[in-house]
Amino acid sequence: MLFNSYEFIFVFLPLSFFVYFYLNHKRLTIASKGWLVFSSLFFYSWWNIVYLPLILVSVLFNFTIAKTIVGSIDFKNKYLSKKSLLKIGLVFNIGLLVYFKYMDFFISNINTAFGSDMGLLYLALPLAISFFTLQQIAFLIDSYEGLAKEKLFLDYAVFVTFFPQLIAGPIVHHKEMMPQFASVKNKVKNYNNIALGLFIFSIGLFKKVVIADTFAIWATAGFDTAITLNLLEAWATSISYTFQLYFDFSGYTDMAIGAALLFNIKLPINFNSPFKATGIIDFWQRWHITLTSFITAYIYTPLVKSFKNLSIHKAMVATLITFLIAGLWHGASWMFVIFGGLHGIALVVNNYWKKSKLKINKILAWFITFNFVNIAFIFFRAKEWSDAIKVLGSMFSLDNIVLPDRLEYKLSFLSSFGIEFGTWAEEISGSNWTAIWIIIGFTLVLIFNNSIQRINNFQFNYRTVSLTGFAFIFSILSLGKASEFLYFNF
Amino acid sequence: MNKNEVFCIVQNTFKNIFNDNDMVVTYSTNSDELENWDSLNHIKLMSAIEKEFNIKFALGELIELKNVEAIVNLIINEKLE
């Protein structure tokens, strides 16, 4: 079920909310947790019930392994050490991900490399597998290191399947979630959280339905339909995608945070004005923050620690490896490896630059960062190398320049340099509105407060009520063409 | 070991890792304000503190220890019990 659908907003969310608090009100705590798991699995199965057994097996297996690791099941001392159990758990989770997400990618690469003809499996990517796998890997490691201990299967099932964060994060940790679910105070409706939740949910809905889906028109046409692009179309395509991805994913996250707040659960921050970043290190502290934390804690740190005699050069090797893995985590394609590699290299450059103590003008630093991020996202979006080159090549080619015809009167002398005047955004199904939207996009991401700042400064007053109402109603009216979130494919 | 003793050892570890005997370390010192407190130095710092106190931080803890107060509190409350 999509957050941006009538059935979620008007049926599923109110029903799950009222029944949950009714059961809690009647002091039926176990039933209320059971209801939360049931509704979350219903929410998950709405797309495709075929993968319901998969998530159930994954949850059950990880719970059993973790319980054995922490010693609640008297099995490990007899047969297996704690470390072997952790390894089994990790192999299971990574194996599941590799099988469902990367198998065809590996087969087709082997076929290409060795000229073999192995058949592909054509498995559909099970929804949310990338996210619930990461969350459970972190849980297993935390259990192994004594940070997490879960005795009850129902509590564990709530932790993994809680529907606001199930599909695409934010990636949560057991120790930040379970005390919230256990708190007696949180089992009672909290009108402040409801107001705040509806406010942030409506902002997220607006970001997705009104802003991201508008930029999607030009990004999709530019990447998927257009055969050639002129200079302005190519830039509009790439910037439209960059904005689409941000408003889509941060909009989804806002909706997740808002929906969770209705249940008195605070999810972690995932975005903090990433396009205000003045360096790539800064960017990753603002973009998909819970993923950055995960890869820093569970990939980068053990890698660095495995090196003897730490040095910056070794740390940079670890950074590059970490980002290649993070790139590939997004999807089974070389384009994601290139995306991860580009960001890894940029982080290395940024780190050495920092060490050199050379100063750089802040605006220039922002300009370089934004353009790098925008160009790297071309590889993130492109299905194939040729798509990426089509957009990237046209962004830096002076052979095909078309300017808006209204400029012809003033700039007609440019015609002698081969520059044409006409409909400049035809290939991307755009118009002058595209340029206006891009300016609006820059204004929103660079000048306005982000959702997290808005949550922190939230006051229940006439202004916030009107803003919520406007965002909600405007979005609902645009809902007819509900589209999936980009991160659902990762 | 009391909080102040732990703080003094942590303070000295900072000075050693950052190679700066004059640096001022307070409870509120954090990774946002201290430019050299990057991800590599964080690991170096934490490994040195682990050695000093003969303790071990979990991977899931390291990421949260971004200010001196959090480090001292975790050592006192969890690790030296």
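Numbered from 1 within each chain, the chains take letters A, B, ... in sequence-line order.
- Atom NZ of K359(A) is surrounded by 12 or fewer heavy atoms from other residues, nucleotides or ligands within 6.0 Å.
- Residue E33(B) places its CD atom among more than 12 non-hydrogen atoms of other residues, nucleotides or ligands, all under 6.0 Å distant.
- Using a 4.5 Å cut-off between heavy atoms, L147(A) touches chain B through its side chain atoms alone.
- Contacts between T319(A) and chain B at a heavy-atom distance below 4.5 Å are absent for every atom of the residue.
- Around CD1 of I269(A), the count of heavy atoms belonging to other residues, nucleotides or ligands within 6.0 Å does not exceed 12.
- Between the CG atom in L40(B) and the NZ atom in K355(A) there is a gap of 6.5 Å [rounded to 0.5 Å].
- The CD atom of E145(A) sits 4.5 Å away from the CG atom of L59(B) when rounded to the nearest 0.5 Å.
- Heavy-atom contacts from other residues, nucleotides or ligands closer than 6.0 Å to CG of N54(B) number 12 or fewer.
- Proximity to chain A (any heavy atom under 4.5 Å) is restricted, for E64(B), to the side chain, taken from C-beta onward.
- Summarising the geometry of G60(B) relative to Y298(A), their closest heavy-atom pair is CA-OH, 3.6 Å, with the distance given to 0.1 Å.
- Within 6.0 Å of NZ on K314(A) lie more than 12 heavy atoms contributed by other residues, nucleotides or ligands.
- Using a 4.5 Å cut-off between heavy atoms, I281(A) does not touch chain B at all.
- Of the two parts of K305(A), only the side chain, counted from C-beta on, holds a non-hydrogen atom closer than 4.5 Å to a non-hydrogen atom of chain B.
- Environment of CG in L364(A): crowded, with over 12 heavy atoms of neighbouring residues, nucleotides or ligands closer than 6.0 Å.
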